[in-house]
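First up is the structure itself, then whatever we jot down about it.
Order of the sequence lines fixes the chain letters, A, B, ..., with proteins taken first and strands second; residue numbering starts at 1 for each chain. Here the structure is a predicted model, which is why all the values come from computation and not from measurement.
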Amino acid sequence: MSGFFAILRRELTLSLRSQGDVMTVIAFFAIAAALFAFGVGPELNVQSRIASGVVWTTALLAAMLSLERLFALDYEDGTLDQLVLSGVEPVAMVFAKTIAHWLTTGMALLIAAPVVAMALQLPAQAYGALMISLLLGTPTLSLLGAVGAALTLGAKRGGVLLSLLLLPLYIPILIFGAAAVEGAILGVASTTPYAVLGGLLIAALTLCPWTAASALRHALE
Amino acid sequence: MSGPVFNTAEFSGARLNCQRGGRMVLTNLSFRIASGEAMVLRGPNGSGKTTLLRLMAGLARASSGALTWNGDDISEDLSAHGARLGFAGHLDAVKSAQTVRENLFFWASLRGARASDVERAMATFGLSHLADITARVLSAGQRHRVALARVALSNAPLWLLDEPTNTLDDAALNALRNTLSAHLHRGGMIVMASHGDSLLPQARTLDVRQTQPASAAA
Amino acid sequence: MHKFANPTFFMKIANAVFPYAAGLSALCFAVGIPIALVFSPPDYQQSETVRIMYVHVPAAWMGSMVYGVMAVSSAVYLIWRHTIAHIIARASAPIGAMFTGLCLVTGMLWGQPMWGTFWVWDARLTSMLILFFLYLGYIALGDSFEDQERGDKAAALLALVGSVNLPIIHFSVEWWNTLHQPAIRSFAGFSINAAMLWPLLLMVFAFQTYYVAVLIIRLRSELLSAKIRTARFNLAAAE
């Protein structure tokens, strides 16, 4: 357990020292959402209609940005070798790194989301649903992302490949995340999206770290 | 570095074969090393010295053959095997955004080593005056010394070193020589890939290219 | 079972199976296509358009089935390290992708007269589209590494990850579809009568035997290229 916290602390220190990382994610989130606004035009009711989908889609894309480097930097400088040999269970190591990724991107998106949503005229009654759905959904994005990052470690054309692998797997989260917000806008209280997002999170928590750890072992071989 | 004496142990490999990218790099290779012994791997470039070190560390997997620690196959518990070895490969695994002390302290905390061990390892490799400098400004040789200091503080009986003398100046070479013989005196084991020097006069030599790949791949 | 893991033994069986698979496939297509496209009765609602179903439905089934074959052989490869299992998975991927692509194209052709547009976000069609992306990802990942074995293992793991996710994706898309477009009629509305059923089954069988025959051809060439690779390395090493 102490190894887990040591890795988590170091990951957070490293990404906070290069503040650029967190800022880039938020900036990407904001600019991508703005592109949608430019795409559909300045009419407020049109923006308000698509706000839930746009916030979720852009958040999802932003969460994918830094995934490529989740293991790649450690792979290139030999840290991954040392971590695997340090006696810390690889699953705990993957878990620590994934949590660090979520804390530095998922949390950042969570903080930025209300602002972006406001700019897109998201109706007031939907903010609660937006925050809850992001809170339940973004950790799953990071967990699935860890699997994708481990699988593409050392691959030619890594970044594009990672998107191709991950985006189809992200579709369920997008569907239920956006549906939760949409439901709140329409005032139909439905627990289904939350239940599914929660279920997906639990499934991802139990399966993804093991899968990613196994993929990492293969990557080092 | 001084420390408690290690338990007597034996590390051996039997009939190892390893294929990399469809090519046999190691064929039918066997070795045996016991507490207090050192072994130097020799062979031309591409002969599989690095591959053998990664096999010994459990990072790579042999196509056939077995590696055993006191008779137990290492693949049964790779994490436990990792914990009993210190590894210094071609890559130094030093994070530029952290100071030298922070870098070493992180690895020390994973290994259960104390802060005093970190200070001693830094002193050994002449890093004490660089302790609070971010690693970004270190030279290749200095980073390599950090990597060696990490091995020294690992408190692990088995050291696997890939060309450890590269980029080292005379002072660092001396420090390394002293550290290695102290490790052997404690009952540690050392396997290192090297091309020719007298760092460990007492070491046995293992020629990695024992058999011709062409005959074995048929 | 592990006896089949020996590539030589496996290919011996595969080569023995090949003429039957290829012959049956040719026969079924020769009989099935004229029946499906000319002699079978038109649908009372969809009239002649229904004939697309004889290609569309088998293609959809095969698209899903081949992914299943890939997932199972990938699991066998990762657990028992039988290379032949992975070669089956890798050789299957482009065939499965082709079936899925065929399903999408015929679905669009069917959609134009029936829905008045080439693409509708129908639940099944959307699921097939995502399956198609999963195939593309699998193929791309396998080809992305200098070290062949690394690509093999990554792709095998991905096939398993995909097979766990496919039901979730399918469920999500279905749910999403009923939420947003309850008015759209889906492919589920086929009323199959006996006169349509047996040509359909004949076509399914033709597709299945076609898959087996093409798979064996691809296995042969995969094994041959592996031999060539080894021979090249030996030449380089012997120098």
Side-chain donor/acceptor pairs under 3.5 Å, residues 156-180 of chain A, sequence neighbours excluded:
residue, atom, partner, partner atom, Å
A:Arg157, NH2, C:Ser144, OG, 3.3
A:Ser163, OG, A:Gly159, O, 3.1
A:Tyr170, OH, A:Leu141, O, 2.7

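With values rounded to the nearest 0.5 angstrom, B:Leu110 atom CG is found 11.5 Å from A:Leu85 atom CG.
Interface with chain A: from residues 76-84 of chain B, residues B:Leu78, B:Ser79, B:Gly82, B:Ala83 qualify, criterion being any non-hydrogen pair under 4.5 Å. When the heavy atoms of residues 89-109 of chain A are compared with those of chain B, the residues falling under 4.5 Å are A:Glu89, A:Pro90, listed by number.
The shortest non-hydrogen separation linking B:Ala93 to A:Gln82 is CB-CG, 3.8 Å. The two residues A:Ser86 and B:Trp107 come nearest to each other via the heavy atoms CB-CZ3, 4.5 Å. Smallest separation of non-hydrogen atoms from B:Ala97 and A:Leu14: CB-CD2, 3.9 Å.
Ion pairing of A:Glu11 with B:Lys95 is absent here, as no side-chain N (NZ or NE/NH1/NH2) approaches a carboxylate O to less than 4.0 Å.
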Full working for side-chain contact (heavy atoms from CB on, under 4.5 Å) between A:Arg10 and B:Glu102: CA-CA 9 Å; A:Arg10 171 151 121 142; B:Glu102 285 172 332; over 6 Å; no

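The side-chain heavy atoms of A:Asp81 and B:Leu59, taken from C-beta on, include a pair separated by under 4.5 Å.
The contact between B:Phe106 and chain A is made entirely by side chain atoms (from C-beta outward), counting heavy-atom distances below 4.5 Å. Of the atoms belonging to B:Arg111, it is side-chain heavy atoms, and not backbone ones, that fall under 4.5 Å from chain A.
Judged as a salt bridge (charged side-chain N to carboxylate O under 4.0 Å, His left out), and not counting sequence neighbours, A:Glu68 has no contacts.
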